[in-house]
Chemist: 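There's a structure below that I have some questions on.
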Amino acid sequence: MKNTKIVIHGKKKLCGSVKISGAKNAALPQLAASLLTTSEVHFQSVPQVEDVKVMFHALKNLGAEGIFDADTVYIQVPELKSTEIPPEIGKTSRASILILGPLVARNGYAKVSRPGGCPIGDRKIDFHLQGLGQMGVTIQETPDYIIAKADNGLHAIDYTFPNKTVTGTENLLMAAALAQGKTILRNCALEPEVGDLIDLLTTMGSHIQGKNTETLTIAGQNRLNGARHTLIPDRIEMGTYVIAASLKGNNEIMIENAIPEYIDGLLSVLTQIGIEVAAWDGKITVRTRGPLCPVEIETLPYPGYPTDLQAQLTTLLTQAQGVSKIKENIFNNRFQHADELNKLGANIEVDRDIAIIRGKTPLNGRTIRATDLRASAALVLAGLIADGQTVVENAYQLLRGYENMPQKLRQLGADITLIDE
Ligand code: EPZ
């Protein structure tokens, strides 16, 4: 898996329809939520991607029973066999930090490795720990682990997040579900994956008010029930295919099972660039007519322009006629794809949190290297329009978060092959 690479022969027309998989960033917290009950939880539309497989494996390591077959997960944790997530499991993704809250809420003890995840900047967790601390959890930190104890269980708090945090909101939401009393969380993240977690917890018997607002009120329960739940589609995958369709004139892609409003931030930018986007009853079609216009954008928490679609947009803007500017506000090291795109012939200058993209630059295929999940998608998109052959090394990064992307692009007409040496 570690020597995986993707080989692309560019400039092929893309047309046809693509089905969006379930959301990776909904699956991760929701699988962890299965710790909040001893009953079975049944998930549909779970993407077969590496980060979700790591989460499933981590839960099995704790004593979960179940199966992950196609897009279905049955999982049940009747009793814990371990309360520890070792670094070899926790170091590659955000799984361990999402397990911390529900595990300590259920059991009063959790020892989890410091979380990994994309090397896109500081991946701080101080808000997670601050909130759990106020709920009665004693936190001890070592270089490799976070050890959480709550001998008297968790109690309700009124907590305001200093800044928006997606998994921080999800972690404290899950912990509050089993805390004594009514918890109020303020300045919560508004990402759709938070709302989907609220839907799951409600089905499990939680009483949560304020979905899709910044203030959530959670009435803690002594225990939660099992549930059946279908995950929302992956809005970042959706946006990635919309950008893929936008790269070249005469591409025509239909995106099925879409929820267009989840990517309003992207669609409004594409309209400014001159891309024709039509969205109706769960479908999106994208057509590019004429030259692309440059834009100036900044990444923001939902519903603003998503940081997880910043790298992919950078690739598109190499084809705009003029100077574009992207300000990355969420992470402080999320332009690593720029150097790789410049190797193909792009003209991108990065100065701290700003990238200046000068287009239109023809791209010529060569061997480049993926540094993180969304950067790998940006490099694949560049390969689709580059002249000749592009080889993306370290393509394991892509498999962490995109289900069957080479297959889906091949079905649309791309000449793309995954090679797992
Ligand atoms: C989630 O990461 C997503 N991952 C990320 O997607 C996404 O980029 C990010 O939210 C922002 O939308 C999952 O949901 C599994 P944050 P998360 O906590 O929760 C700072 C992908 O490509 N912060 O919202 O880890 C932090 O340093 C991934 O699918 C604190 O300072 O991000 C960052 O600068 C990449 N203290 C900013 O907030 C904290 O306690 C946003 O982080 C927590 C966060």
Chemist: Side chains of Arg400 and Gln397: any donor to acceptor distance under 3.5 Å?
Modeler: yes
Chemist: Could you check if a side-chain atom of Pro47 sits within less than 4.5 angstrom of a side-chain atom of Leu231, using non-hydrogen atoms only?
Modeler: yes
Chemist: Indicate whether any N or O donor in one side chain lies under 3.5 Å from an N or O acceptor in the other, for Thr4 and Asp420.
Modeler: yes
Chemist: Should the pair Glu141-Arg114 be classified as a salt bridge under the 4.0 Å nitrogen-to-oxygen rule?
Modeler: yes
Chemist: Do you know the tightest heavy-atom contact between Ile89 and Ala58?
Modeler: CG2-CB, 3.5 Å
Chemist: What ring pair (Phe, Tyr, Trp, His ring centres under 6.0 Å) pairs are there with at least one residue in residues 48-73, not counting sequence neighbours?
Modeler: Phe56-Phe68
Chemist: Less than 4.5 Å apart, side chain to side chain, heavy atoms only: is that true for Lys248 and Thr288?
Modeler: no
Chemist: Is it true that a side-chain atom of Gln44 and a backbone atom of His229 form a donor plus acceptor pair closer than 3.5 Å?
Modeler: no
Chemist: Just verifying a value: how many Å separate Leu309 CG and Leu316 CG, rounded to the nearest 0.5 Å?
Modeler: 11.5 Å
Chemist: In terms of side-chain geometry, is the basic nitrogen of Asp308 or Arg334 positioned less than 4.0 Å from the acidic oxygen of its partner?
Modeler: yes
Chemist: Just do the side chain to side chain contact (heavy atoms under 4.5 Å, CB included) check on Asn25 and Arg94 with the steps written out, would you?
Modeler: CA-CA 10 Å; Asn25 291 347; Arg94 309 301 285 165; over 6 Å; no
Chemist: May I have all residue pairs that pass ring pair (Phe, Tyr, Trp, His ring centres under 6.0 Å) and include part of residues 11-48, sequence neighbours excluded?
Modeler: His42-Tyr74
Chemist: Just verifying a value: how many Å separate Ile330 CD1 and Thr165 OG1, rounded to the nearest 0.5 Å?
Modeler: 10.5 Å
Chemist: Would the distance check show the side chain of Ser34 and the main-chain N or O of Val41 forming a donor-acceptor pair, the cut-off being under 3.5 Å?
Modeler: no
Chemist: Find the distance between CD (Gln134) and CD1 (Ile157) and round it off to the nearest 0.5 Å.
Modeler: 5.0 Å
Chemist: Considering non-hydrogen atoms only, spot the tightest contact between Pro29 and Met174 and give its length.
Modeler: O-SD, 3.4 Å
Chemist: Mark yes or no for whether Asn257, through its side chain, and Ile20, through its backbone, hold a donor-acceptor pair below 3.5 Å.
Modeler: yes
Chemist: Can you name the closest pair of heavy atoms from Leu98 and Asn171 and give their distance?
Modeler: O-OD1, 4.0 Å
Chemist: Just to verify, what does Glu252 make a salt bridge (charged side-chain N to carboxylate O under 4.0 Å, His left out) with, not counting sequence neighbours?
Modeler: Arg287
Chemist: Please, which pairs that meet side-chain hydrogen bond (donor to acceptor under 3.5 Å, both in side chains) have at least one residue in residues 205-214, sequence neighbours excluded?
Modeler: Lys164-Glu214, Asp199-Lys211
Chemist: Are Leu412 and Asn251 close enough that some pair of their side-chain heavy atoms sits under 4.5 Å apart?
Modeler: no
Chemist: For Arg369, enumerate each residue passing the salt bridge (charged side-chain N to carboxylate O under 4.0 Å, His left out) test, keeping only those at least two apart in sequence or located in another chain.
Modeler: none
Chemist: For the residue pair Arg235 and Ile259, establish whether any side-chain heavy-atom pair is separated by less than 4.5 Å.
Modeler: no
Chemist: Among residues two or more places apart or on two chains, list those pairs meeting ring pair (Phe, Tyr, Trp, His ring centres under 6.0 Å) that have a residue in residues 291-343.
Modeler: none
Chemist: To the nearest 0.5 angstrom, please state how far the CD atom of Glu50 sits from the CD atom of Glu403.
Modeler: 11.0 Å
Chemist: Apply the side-chain contact (heavy atoms from CB on, under 4.5 Å) test between Leu292 and each candidate in Ile273, Leu317, Thr318; give the one that qualifies.
Modeler: Ile273
Chemist: Using side-chain heavy atoms (C-beta onward) and a distance below 4.5 Å, is Ile99 in contact with Leu62?
Modeler: yes
Chemist: Name all residues meeting the side chain to side chain contact (heavy atoms under 4.5 Å, CB included) criterion together with Ala64; count only those two or more places apart in sequence or in a different chain, and write none if there are none.
Modeler: Leu59, Ile75, Val77
Chemist: Can you list everything that forms a salt bridge (charged side-chain N to carboxylate O under 4.0 Å, His left out) with Glu340? Sequence neighbours excluded, please.
Modeler: Lys343
Chemist: side-chain hydrogen bond (donor to acceptor under 3.5 Å, both in side chains) with Ser324: which residues, sequence neighbours excluded?
Modeler: none
Chemist: What's the separation between atom OG1 in Thr167 and atom CD in Glu191, rounded to the nearest 0.5 Å?
Modeler: 10.0 Å
Chemist: Using the salt bridge (charged side-chain N to carboxylate O under 4.0 Å, His left out) criterion, which residues pair with Arg366? Sequence neighbours excluded.
Modeler: none
Chemist: Do Glu349 and Arg358 meet the salt-bridge criterion of a basic N to acidic O distance under 4.0 Å?
Modeler: yes
Chemist: If you take all heavy atoms of Cys293 and Gln272, which pair is closest and at what distance?
Modeler: CB-O, 3.8 Å
Chemist: Donor-acceptor pairs under 3.5 angstrom involving side-chain atoms of residues 370-384: please list them, not counting sequence neighbours.
Modeler:
unit_1: Asp372; atom_1: OD1; unit_2: Arg374; atom_2: N; d: 3.4
unit_1: Asp372; atom_1: OD1; unit_2: Ala375; atom_2: N; d: 3.0
unit_1: Arg374; atom_1: NH1; unit_2: Tyr402; atom_2: OH; d: 3.1
unit_1: Ser376; atom_1: OG; unit_2: Leu373; atom_2: O; d: 2.4
unit_1: Ser376; atom_1: OG; unit_2: Leu398; atom_2: N; d: 3.4

Chemist: In terms of heavy-atom contacts, does NZ of Lys81 have more than 12 from other residues, nucleotides or ligands at under 6.0 Å?
Modeler: yes
Chemist: In terms of heavy-atom contacts, does CG of Asp69 have more than 12 from other residues, nucleotides or ligands at under 6.0 Å?
Modeler: no
Chemist: Among Thr203, Ile198, Leu197, which one satisfies side-chain contact (heavy atoms from CB on, under 4.5 Å) with Leu201?
Modeler: Leu197
Chemist: Which atom pairs, one a donor and one an acceptor, fall under 3.5 Å between side chains of residues 261-270 and the rest of the protein, sequence neighbours left out?
Modeler:
unit_1: Ser268; atom_1: OG; unit_2: Asp264; atom_2: O; d: 3.3
unit_1: Ser268; atom_1: OG; unit_2: Gly265; atom_2: O; d: 3.1

Chemist: Just so I know, are the side chains of Thr183 and Met135 near enough to count as touching, which here means a heavy-atom distance under 4.5 Å?
Modeler: yes
Chemist: Considering only heavy atoms from C-beta outward, does the side chain of Val18 approach that of Gln411 to under 4.5 Å?
Modeler: no
Chemist: Side chains of Gln310 and Thr314: does their closest heavy-atom pair fall under 4.5 Å?
Modeler: yes
Chemist: Decide salt bridge (Lys or Arg N to Asp or Glu O under 4.0 Å) for Lys24 and Glu237; before the verdict, give the C-alpha distance in whole Å, the side-chain angles of both, and the deciding distance to 0.1 Å.
Modeler: CA-CA 9 Å; Lys24 160 182 88 85; Glu237 184 191 20; over 6 Å; no
Chemist: Leu172 and Gly131: which non-hydrogen atoms are nearest, and at how many Å?
Modeler: CD1-CA, 3.8 Å
Chemist: How many angstroms lie between NZ in Lys19 and CD1 in Ile255, if you round to the nearest 0.5 Å?
Modeler: 13.0 Å
Chemist: Is it true that, when you exclude Lys360 itself, more than 12 heavy atoms of the residues, nucleotides or ligands shown sit nearer than 6.0 Å to its NZ?
Modeler: no
Chemist: Can you name the nearest heavy-atom pair linking Asn333 to Pro119, along with the distance?
Modeler: ND2-O, 3.4 Å
